[in-house]
Amino acid sequence: MNRALIVIDVQESFRARPSWEQIADPKIAEPVNRLVRLARANGDLVVWVLHTEPGSQSVFDPAQGHVRLLEELEQPMPGERVLHKTSHNAFTTTNLQQLLTEAGVRELVVCGIRTEQCVETTTRVGSDLGYQVVFVTDATTTSPYGGLSAEAIIERTEVVLRDRFARIATVAELEAELGTSEA
């Protein structure tokens, strides 16, 4: 195994926020589930990451009960790690790098919620750490922010990451490359 799927912040906390109504893809679990099935079929490591803000009394405070994977997601199998982070990227406040190193992982496939925030930041840090990163845009989603539509934010994220920090791919492209498809 030299590849890992990192599922970032696909959690009920986002659905509990009023901005969920504006999210670009409220059915984000569907493409993420396809990636999870693909990773498992290929013997890749699957790592689940949840964002937490303990003591904040927000939807990201574990005490509020929303810091859990979206209900419709494939659930972690035995041996798949669920990490809890308190930073924007999945490396800084977790032992993700240690897990990846111990497993011999050299390539990361990333997906999740907040295309331009936690998923992009994890991609950049992963690239800086020497991983080959595949950013699966259609398995990410976000909401409008700062006067930009969600679609504009997603497009901007692809532009700034492409060929500098990551290879940009779709779920279907990875299915075709790795020999598994939904068809």
Enclosure of His88 NE2 (heavy-atom neighbours >12, cutoff 6.0 Å): no

Shared hydrophobic cluster, Leu148 / Val160 (ILVMFWY, side-chain heavy atoms < 4.5 Å): no

Full working for side-chain contact (heavy atoms from CB on, under 4.5 Å) between Arg81 and Leu99: CA-CA 9 Å; Arg81 298 292 303 271; Leu99 293 173; 3.1 Å; yes

Non-hydrogen side-chain atoms of Leu5 and Cys111 separated by less than 4.5 Å: yes

Gap between atom CD1 of Ile8 and atom CD of Gln117 - 0.5 Å precision: 11.5 Å

Main-chain N/O of Ile28 paired to Thr141 side chain as donor or acceptor, under 3.5 Å: no

Thr122 (side chain) donor-acceptor with Ala90 (main chain) under 3.5 angstrom: yes

Closest non-hydrogen atom pair, Ala150 against Thr142: CB-O, 3.5 Å

Straight-line distance of Leu45 CG to Arg40 CZ, nearest 0.5 Å: 11.5 Å

Heavy-atom side-chain proximity of Trp20 to Ile113 below 4.5 angstrom: yes

Nearest non-hydrogen partners of Asp61 and Pro54, listed with the distance: OD1-CA, 4.1 Å

Side chains of Thr115 and Thr140, donor plus acceptor under 3.5 Å: yes

Cluster check Val133, Ile154: I/L/V/M/F/W/Y, side chain < 4.5 angstrom: no

Nearest heavy-atom neighbours spanning Ile23 and Ser143: CA-OG, 3.7 Å

Leu70 and Gln11, any side-chain heavy atoms less than 4.5 Å apart: no

Thr157 and Glu116 side chains, donor-acceptor separation under 3.5 Å: no

Ile153-Val136 co-clustered via ILVMFWY side chain contacts under 4.5 Å: no

Glu177 vs Arg167, salt bridge (Lys or Arg N to Asp or Glu O under 4.0 Å): CA-CA, chis, key distance, verdict: CA-CA 14 Å; Glu177 283 175 29; Arg167 180 181 125 208; 2.5 Å; yes

Reported CG-to-CG distance for the pair Leu129 and Leu100, which is rounded to 0.5 angstrom: 9.0 Å

Expected output: side-chain Gln57 to main-chain Gly55 donor-acceptor under 3.5 Å: no

Test item: Ser149 side-chain N/O and Pro144 main-chain N/O as donor-acceptor pair under 3.5 Å: no

Phe60 and His51 aromatic ring geometry - parallel, tilted or perpendicular at 30°/60° bounds: perpendicular

Leu73 vs Gln75 side-chain heavy atoms within contact, under 4.5 Å: yes

Over 12 foreign heavy atoms within 6.0 Å of CZ, Phe165: yes

Asp9 side-chain N/O to Gly112 backbone N/O, donor-acceptor pair under 3.5 Å: no

Minimum heavy-atom distance Val59-Val67, with the two atoms named: O-CG2, 3.9 Å

Polar side chain donor-acceptor pair, Thr92 to Asn89, under 3.5 angstrom: yes

Six-ring centre of Tyr131, Arg106 cation under 6.0 angstrom, axis tolerance 45°: yes

Over 12 foreign heavy atoms within 6.0 Å of CD, Gln132: no

From CD (Glu74) to CH2 (Trp48), nearest 0.5 Å: 7.0 Å

Heavy-atom donor-acceptor pair, Glu80 side chain to Met77 backbone, under 3.5 Å: yes

Within-4.5 Å side-chain heavy-atom neighbours: Ser87 and Thr121: no

Residues Glu151, Arg156; criterion salt bridge (Lys or Arg N to Asp or Glu O under 4.0 Å); working and verdict: CA-CA 9 Å; Glu151 294 75 15; Arg156 173 230 155 257; over 6 Å; no

From Leu50 atom CG to Leu83 atom CG, the distance as rounded to the nearest 0.5 Å: 8.5 Å

Interatomic spacing from CD in Glu107 to CG in Asn2 - rounded to 0.5 Å: 7.0 Å

Nearest non-hydrogen partners of Val32 and Ala139, listed with the distance: CG2-O, 3.8 Å

Audit row: Arg124, Glu120, salt bridge (Lys or Arg N to Asp or Glu O under 4.0 Å) steps and yes/no: CA-CA 6 Å; Arg124 288 173 179 260; Glu120 178 180 342; 2.9 Å; yes

Any side-chain donor near an acceptor of the partner, Glu158 and Thr137, under 3.5 Å: yes

Within 6.0 Å of CD in Glu155, more than 12 heavy atoms from elsewhere: no

Glu71 atom CD, neighbour heavy-atom count above 12 within 6.0 Å: no

Any side-chain heavy-atom pair of Leu174 and Thr170 under 4.5 Å: no

Minimal non-hydrogen separation, Ser13 against Arg17, with atom names: O-CG, 3.4 Å

Hydrophobic cluster membership, Phe14 vs Tyr145, 4.5 Å side-chain cutoff: no

